[in-house]
Asks: 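Questions regarding the structure given below will be posed in turn.
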There are 2 protein chains.
Amino acid sequence: MHRHEGHDACRSGTRDMLARAEAVCRERGLQFTPLRREVLEAVVAVGKVQGAYDIAERLSAPGKRVAPVSVYRALDFLMEQGLVHRIASRNAFIPCAHDHAPGAGVIFLICRSCGVVDEASSEEVEGGLGRTLKRAGFTPSHSILEVEGDCGACRDRDQAP
Amino acid sequence: MHRHEGHDACRSGTRDMLARAEAVCRERGLQFTPLRREVLEAVVAVGKVQGAYDIAERLSAPGKRVAPVSVYRALDFLMEQGLVHRIASRNAFIPCAHDHAPGAGVIFLICRSCGVVDEASSEEVEGGLGRTLKRAGFTPSHSILEVEGDCGACRDRDQAP
DNA sequence: GCGGGTTTGTTACAGTGTATCACCGCCGCC
DNA sequence: GGCGGCGGTGATACACTGTAACAAACCCGC
Ligand SMILES: [Zn+2]
Ligand SMILES: [Zn+2]
Ligand SMILES: [Zn+2]
Ligand SMILES: [Zn+2]
């Protein structure tokens, strides 16, 4: 069922996220380099969907340019480690504060007005999808489920200004 | 529930598809122009996911160039009329031989080996997703559900060559 | 025929993602 | 110490995807 902590936990301090990233990398014998750290910080700090070029621009400063290709490499790494998700419908990236069970389906709730992306999960959806695929004789390798709409916060804000 | 006719019906003759397109356009007072017809023919004929540039190249011939931008415009039109779907995870397009109820969710089953895309639907998934969104206080405007994997035909072919 | 909306052609451009190669830093090995 | 492999980074170039802008052609009703 849906045991989700809400937006605040999703954007749980940059510190927690970085600590987790360090732990993950140490545990797997991988390098958590300065570039990877900066990219993850940028993704977490903004909290909304961001394109790779946005991140590159944000990390660049007069005299220190970070090329998009470097950002892509860092994002690929972070995605492999489950620290970042890619939102296919937006060509953009968000941090992941969860610890997804391997193979568990994630539902992305993308707010079109504030750009915040919440994550949810549902045994019911998961089960129904599995049965549907089985019935169709289809062997899934990986699926994406992205919903665009308005989050509760934005709806409240718009209705009672 | 899933009342789907299978791949053959999906790729049901080009003729059926064109007849339906003509009917739809006439009924709605829209023009089914030669370009739109050619683009739809190309999408139907191949039957697999195709990028807009693939279609443009396919329609181009020595002496007669079809620019990608024209293809995009035709595809936009065909999508608005429900004759073509866009597959977000592939930046590609497929024909739709179904008559979807407005607002009904579609599940795309994308075979990574043959490129054929099947469509399915499931009340169970639909309902579970609706309840999950409601619980999260999220008002959906539109969602995509795309599954990548291996279709039955390819699995059979690979196992018994 | 004329005027106004729609469709198409053409060009240019913005946005997204990858290939390639060179360089660097590190670590293990001789 | 010297050497070679290996992973990460920088830099450039390029491919792929999609859109903006404007002009020309087309259609249709008046
Ligand atoms: Zn996540
Ligand atoms: Zn919002
Ligand atoms: Zn369809
Ligand atoms: Zn297949």
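Order of the sequence lines fixes the chain letters, A, B, ..., with proteins taken first and strands second; residue numbering starts at 1 for each chain.
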Asks: Measure the distance from CZ on A/F32 to C1' on D/dG7 and round it to the nearest whole Å.
Replies: 17 Å
Asks: Under the criterion side-chain contact (heavy atoms from CB on, under 4.5 Å), which of B/L83, B/T14, B/V49, B/L75 is the partner of B/V43?
Replies: B/L75
Asks: Want to settle it: does A/V69 or A/G51 sit nearer the 5' end of DNA chain C, counting the closest nucleotide to each?
Replies: A/G51
Asks: Rounded to whole Å, how long is the line connecting atom CD of A/E38 with atom P of D/dG8?
Replies: 16 Å
Asks: Provide, to the nearest angstrom, the distance between the CZ atom belonging to A/R28 and the P atom belonging to D/dG7.
Replies: 18 Å
Asks: A/R86 near the nucleic acid: base, sugar-phosphate alone, or nothing, with a heavy-atom cut-off under 4.0 Å?
Replies: sugar-phosphate
Asks: If you find the nucleotide of DNA chain D closest to B/Q31 and the one closest to B/F93, which residue's nucleotide is nearer the 5' end?
Replies: B/F93
Asks: Any side-chain heavy-atom pair from B/Q50 and B/R58 closer than 4.5 angstrom?
Replies: yes
Asks: Tell me whether the OP1 or OP2 atom of D/dG10 has a side-chain N or O from A/S70 closer than 4.0 Å.
Replies: yes
Asks: Compare side-chain N and O positions of B/R73 against OP1 and OP2 of C/dT10 and report whether any pair is under 4.0 Å apart.
Replies: no
Asks: Will you find, in the side chains of A/S89 and A/E146, an N or O donor that is under 3.5 Å from an N or O acceptor?
Replies: yes
Asks: Determine, using ring centers only, whether B/H100 and B/H85 are less than 6.0 Å apart.
Replies: yes
Asks: Find the distance B/D76:CG to C/dT7:C1' and express it as a whole number of Å.
Replies: 13 Å
Asks: Could you work out which one of D/dG8, C/dT16, D/dT19 sits closest to the side chain of A/T33?
Replies: D/dG8
Asks: So, does A/R65 get its side chain near the phosphate of D/dG10, meaning an N or O under 4.0 Å from OP1 or OP2?
Replies: no
Asks: OP1 or OP2 of D/dT17 sitting under 4.0 Å from any side-chain N/O of A/N91?
Replies: no
Asks: A/M79 versus A/F93: any side-chain heavy-atom pair under 4.5 Å?
Replies: yes
Asks: Between A/I87 (CD1) and C/dG17 (P), how many Å, whole number?
Replies: 12 Å
Asks: Rounding to a whole Å, what distance do you find between B/R36:CZ and C/dT6:C1'?
Replies: 8 Å
Asks: In whole Å, I'd like the distance from the CG atom of B/L30 to the C1' atom of C/dT8.
Replies: 17 Å
Asks: Let me spell it out: for each of A/A74 and A/Y53, pick the nucleotide of DNA chain D with the closest heavy atom. Which residue's pick is nearer the 5' end?
Replies: A/A74
